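Since the model is a prediction, treat every value here as computed from it, not as a measurement. The sequence lines fix the lettering, A, B, ..., with proteins before strands; numbering per chain opens at 1.
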Amino acid sequence: MALINVTLPDGTVNEYAAGVTCSEVITDAIGRKNGCVAALVDGMERDMSFSLEKSCSVEGIKAESDAGMYILKHSTAHLLAQAVVELYPNAKPTIGPPVDRGFYYDFAMEPITESDLKPIQKKMQELARRNLTIERIELDDKELQEHFQDNPYKIEIINDKIGEGIGSTIYQQGDWYDLCLGPHVPNTAKLMFCKLTSVSSAYWRGDQEREQLVRIYGIVEPTKEALKETVRRMEEAKKRDHRKLGRDLQLFHIDEEVGQGLILWTPRGATIRQELQNFIGSHLQRQGYSQVFTPHIGKLDLYRTSGHFPYYQDSQYPPLVEKDLMKKLSDEGCSCSELSNLMKSGEIDGYMLKPMNCPHHVKIYSSQARSYRDLPIRLAEFGTVYRWEQSGEISGMTRVRGFTQDDAHLFVTEEQIAQEVLGCIELVQIIFDILGMSDYRIRVGLRDPDSTKYVGDPKRWDKAEEACRNAAKSLGVEWSEEEGEAAFYGPKIDFVVKDVIGREWQLGTVQVDYNLPERFELTYKGSDGQLHRPVMIHRAPFGSMERFCGVLIEHFAGRFPTWLSPTQCHILTISEKHTQYAQTVADALKERGVRVEIDDGDDTIGKKIRTHRKLHPAYMVILGDGEAEGNTVSLRARSGEQIADLPLEDFISNLCEEISQKIAQPSLV
RNA sequence: GCCACUGUGGCUUAGGGGUAUAGCACCUCAUUGGUAAUGAGGAGGUCGCGAGUUCAAAUCUCGCCAGUGGCUCCA
């Protein structure tokens, strides 16, 4: 029998008879309980049962590694399919890939509900306990067709994705098998620690025109403890959900009668937003921006020129038509579709709720003759815009139909692009630092060189792309270039923030734009006495105040830093005797601009603490006889820690210091 | 927009063909209490909206509205 040399990761070389399996090699190297789900053979992922026929390197893939988790999830998806088919013999499995948070599997079957998941999960665990061997079987074209003749979806995959004469593999566990390239874990016992999380729907191959499938989501971990931890994290995420916290903490309200996706900022939420805007505003001033205000609507013609009306109609509210004109048209028997056509063709005009602020800002630019000496001109506005999001997309504050961008448009010369882009992202970095949102990355959207959809001179694009790339690099955070992700009018930088639970949110964006200056024929007079075209930079570092606040609520789990906290001190009295002193303390704090709430009701102090804790104030100030006599306060922090009899003046000055320094978390106790 | 599920007083929720639970919150009274619920009493709902079936609908059916989870698209 032929002998082969197997090289292990530590460099040792062992001799084996050809045909030895990965499993045997790994068992020899690191023992039976090696925690591996598959192996890397010469860098290629293989099953543990893969037999080695020639000399090679072998390395075990641990379940908890990224590659291992991928395999674990993938195999669990198969297990799910097996369980579903056993319980629902008519269900046709389609595809079941691993995803970030776990895995899913799509089935063509009668809809099921969440309550149906329990029996399925039980069945999965039963199958896992049976410790079925998962076996890889190679089939030729004909055998493939035969094996999946009852499942048109698999046949479609076989016909579309697998070339003729190549054949493919199936993985079999018990009497169930699935089309798959693998690799998979060696047996179902490795899939014990799984949990089905939700059921929903998806289109076959993501195509709206095709069948709607039942999608079942699940998670899996290598150990019981890891599964428990993951479930705990998911529950934690649920508790942080800004939709729930927003209601509990009275930050915002969405009312059916006002409309879907329209946020009503209640006083406490408005305070947070105002603080953020003040903060941003102070930096805008420092960076040489000019504040402007523009109305919420504009004439249709404006948006014809900008291109918004013709190209983005699907995502806009329908235009508003003046009432006299409306009456005249309706008297003439004009139908809605005729009206719509007349608007499209430009025969009648109307107004649009603005979907973007740029056209208004462009008009401010062009309201005067501009010289190169004026540039860059930076116009900033917290501008509210309206977009017709699909109803199924709307969610809390993160996906809405009316939102306020922390918007600005910079009108610059070609040479100024690089520096201005840099200035735009400086602000983002400052506020992310202050808020402790250190976990973010940057996507640089570049054009796809093979596409013709981009407007403007390729040389200018190269320069602008280089500027974006350099700006991204300069921040020293993770960034990636993404070809084909540029807007049609210019390259862009997107900020993607990770919250403490690990979910990613796209927030702000910086975009270079050659298109709008062209469309509006913007000019400035250069030093050469000639008219030149400026370049525009759009930037909304936080995207929208709504989404940003939604993310912040979840980031802080409702426990805002003192400077952002809607109420910074909750003053609780021990008894009614102390109301007057409480008022004195409150007045002194308000005098210094601190946001205060007094509870001088007749609840016991224990009850008051319990009640106020739910609102997560930065501090509770407890006042009784001792404090009133000594002109002091007693503090209780969110953590539950306390200090007693702090002189009032010391407390106020320390608190004000904490607020003005924008300290991330309360630090006085 | 599409699919599935859900919709009971401000919030959480029981019930499920004979007009409805409970807790918290709220109001009143008593209590003046020192760091995670003082006690007693009271008020508040045509069970998302509209039709239909039925002697009778919160409960069954249909339509609409809204929410949730996804799919497709964006800040």
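- Distance noted for atom C1' between B:G9 and B:C24: 13 Å (whole Å).
- Rounded to the nearest Å, the gap between the P atom of B:C62 and that of B:C5 is 11 Å.
- Side-chain contact between A:Ile442 and A:Phe495 is present, with at least one heavy-atom pair separated by less than 4.5 Å.
- A donor atom on one side chain and an acceptor atom on the other are found under 3.5 Å apart for A:Ser634 and A:Glu627.
- The separation between A:His612 atom NE2 and B:A25 atom P is 12 Å, rounded to whole Å.
- Between the side chains of A:Glu110 and A:Tyr88, no donor N or O sits under 3.5 Å from an acceptor N or O.
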Given protein heavy atoms under 4.0 Å, the one-letter contact record of nucleotides 60-75 of chain B, with B base, S sugar-phosphate only and - none, is simply -----SSSSBBBBBBB
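- When side chains are defined from C-beta on, A:Met397 counts as touching A:Trp265, because their heavy atoms get closer than 4.5 Å.
- For the P atoms, the distance linking B:A51 with B:A56 amounts to 15 Å, nearest Å.
- Annotation: B:U38 and B:G10 have their C1' atoms spaced 24 Å apart (nearest Å).
- One C1' atom belongs to B:G70, the other to B:G52, and the distance between them is 32 Å to the nearest Å.
- Nucleotide B:A43 is matched to nothing when pairs are restricted to Watson-Crick or G-U wobble geometry with both distances under 3.5 angstrom.
- B:G16 sits 15 Å from B:G7 when the C1' atoms are compared, rounded to a whole Å.
- Among the heavy atoms of the strands lying under 4.0 Å from A:Ile112 are primed sugar atoms or P, OP1, OP2 only; no base atom is included.
- Here the P atom of nucleotide B:G23 and the NZ atom of A:Lys607 are 13 Å apart, to the nearest Å.
- The interatomic distance linking A:Lys239 (NZ) with B:C11 (C1') rounds to 18 Å, in whole Å.
- Between the side chains of A:Ser201 and A:Gln212, a donor-acceptor pair is found at a separation under 3.5 Å.
- For B:U38, the paired nucleotide is B:A30, the pair qualifying as Watson-Crick or G-U wobble because both relevant distances are below 3.5 Å.
- With a 3.5 Å ceiling on both atom-pair distances, the Watson-Crick or G-U wobble partner of B:A51 is B:U61.
- Taking atom CG on A:Leu615 and atom C1' on B:C24, their separation rounds to 14 Å, with Å as the unit.
- Nucleotides B:U46 and B:U8 place their P atoms 14 Å apart, quoted to the nearest Å.
- Across all strands shown, B:A56 forms no Watson-Crick or G-U wobble pair with both distances under 3.5 Å.
- Computed from coordinates, the A:Asp248 CG to B:U12 C1' distance equals 10 Å when rounded to whole Å.
- At whole-Å resolution of the value, CE in A:Met109 and C1' in B:C3 are 14 Å apart.
- A side-chain donor-acceptor contact under 3.5 Å links A:Arg240 to the backbone of A:His555.
- Atom pair A:Ile216:CD1 and B:A4:C1' shows a separation of 12 Å (rounding to whole Å applied).
- At a cut-off of 3.5 Å, with distance as the only test, no side-chain donor of A:Arg559 or A:Gln665 sits close to an acceptor on the other residue.
- The ring-ring contact (aromatic ring centres under 6.0 Å, His included) with A:Tyr153 is formed by just one residue from the set A:Phe107, A:Tyr105, A:Trp204; it is A:Trp204.
- In plain terms, the two heavy atoms of A:Ala486 and A:Arg447 that are nearest each other are CB-N, 3.6 Å.
- Annotation: of the two residues near RNA chain B, A:Lys244 and A:Thr611, the 5′-most nearest-nucleotide partner is A:Lys244.
- A pairwise comparison of heavy atoms in A:Ile537 and A:Cys424 identifies CG2-SG, 4.3 Å as the closest pair.
- If you check the side chains of A:Lys195 and A:Thr230, you find no donor sitting under 3.5 Å from an acceptor.
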When you check every protein heavy atom under 4.0 Å of nucleotides 27-35 of chain B, what one-letter string (B, S, -) results, 5' to 3'?
---BBBBBB
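- B:C55 and B:G1 have their P atoms separated by 38 Å, with the value rounded to a whole Å.
- Both distances falling under 3.5 Å, in either a Watson-Crick or a G-U wobble arrangement, place B:C24 opposite B:G10.
- When both distances must be under 3.5 Å, the Watson-Crick or G-U wobble mate of B:U19 does not exist.
- Base pairing of B:G67: its partner is B:C5, meeting the Watson-Crick or G-U wobble criterion (both donor-acceptor distances under 3.5 Å).
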